[in-house]
Amino acid sequence: MHRPAISDFQQRCYEVLARVPAGRVTTYSEIAKALGSRASRAVGTAMAQNSQLITIPCHRVVRSDGSVGEYALGQQEKTALLTKEGITIRKGKVVDFDQVIYRF
DNA sequence: CATCTGACACAGA
DNA sequence: GTCTGTGCCAGAT
């Protein structure tokens, strides 16, 4: 009840994201591309709407310039989770971004 | 149907 | 390298 229905677009965002393994990241823009769209903003909105931190690893989604981006529990928590998965973050940006980004 | 909002991207300064 | 403005798309009102 009071639970908004998940749109097709959102569900596809989560499916794509689920392909990203721990230790790797993806970007809002890349997810959009994987869906045949350029709606990077809508992807971010989809993550914010869901915030299923258990089933959906939305902490692995960062900005296209390598900066961490937003997170339901805050950037600090997002950074901590990524660090635990082996990703190094310095000054709010992913180190060796091109090496850790997952290519669909 | 019109308008606003946002976990963004990109170009210019 | 940082900051600002403009464009973008889907969802909400």
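Keep in mind that this is a model prediction, so the values were computed, not measured. Naming convention: chains lettered A, B, ... in sequence-line order (proteins, then strands); numbering from 1 in each chain.
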Self-check item: Nearest-0.5 Å distance, CZ of residue A/Arg12 to CG of residue A/Leu17
Solution: 15.0 Å
Quiz item: Going by heavy atoms closer than 4.0 Å, what residues in residues 59-69 of chain A are next to DNA chain B?
Solution: A/Arg63, A/Ser64
Self-check item: Neighbours of DNA chain B within residues 19-32 of chain A, by heavy-atom distance under 4.0 Å
Solution: A/Tyr28, A/Ser29
Practice problem: Over all heavy atoms of both residues, which pair between A/Val94 and A/Val100 is shortest? Give the atoms and the distance, please. | Solution: CG1-CG2, 3.4 Å
Tabulate protein N/O versus nucleotide N/O from nucleotides 8-10 of chain C, keeping only pairs under 3.5 Å, one per line.
residue	atom	partner	partner atom	Å
C/dC8	O3'	A/Arg38	NH1	3.2
C/dC8	O2	A/Arg41	NH1	3.3
C/dC8	N3	A/Arg41	NH1	2.5
C/dC9	OP1	A/Arg38	NH1	3.2

Quiz item: Where do A/Leu35 and A/Cys13 come nearest, in terms of heavy atoms and distance?
Solution: CD1-SG, 3.8 Å
Quiz item: For A/Gln11 and C/dG11, what is the distance between atoms CD and C1' respectively, to the nearest whole Å?
Solution: 16 Å
Quiz item: For the pair made of CG in A/Leu81 and C1' in B/dA7, what is the distance, rounded to whole Å?
Solution: 14 Å
Quiz item: With a 4.5 Å limit on heavy-atom distance, are the side chains of A/Ile31 and A/Glu15 in contact?
Solution: no
Quiz prompt | Residues in salt bridge (Lys or Arg N to Asp or Glu O under 4.0 Å) contact with A/Lys33, at least two apart in sequence or another chain | solution = A/Glu30
Quiz item: Which atom names give the shortest non-hydrogen contact between A/Ser64 and A/Phe97, and what distance separates them?
Solution: O-CE2, 3.4 Å
Quiz item: What is the minimum heavy-atom distance between A/Arg24 and A/Tyr102, and which atoms define it?
Solution: CB-CB, 4.0 Å
Quiz prompt | From OG (A/Ser29) to CG (A/Asp65), nearest 0.5 Å | solution = 11.0 Å
Self-check item: For A/Glu85, salt bridge (Lys or Arg N to Asp or Glu O under 4.0 Å) partners two or more places apart
Solution: A/Arg60
Exercise. Quick one: closest heavy-atom pair of A/Val68 and A/Gln75, and the distance?
Key: CG1-O, 4.4 Å
Self-check item: side chain to side chain contact (heavy atoms under 4.5 Å, CB included) evaluation trace for A/Val25 with A/Leu82
Solution: CA-CA 9 Å; A/Val25 299; A/Leu82 290 173; 4.0 Å; yes
Self-check item: Separation of B/dG6 C1' from A/Met47 CE (nearest whole Å)
Solution: 14 Å
Quiz item: Which of residues 82-94 of chain A sit near DNA chain B, with a heavy atom under 4.0 Å from it?
Solution: none
Self-check item: Side chains of A/Leu53 and A/Leu73 in contact at under 4.5 Å (non-hydrogen atoms)
Solution: yes
Quiz item: Out of curiosity, A/Ile87 CD1 to A/Ile101 CD1, how far, rounded to the nearest 0.5 Å?
Solution: 10.5 Å
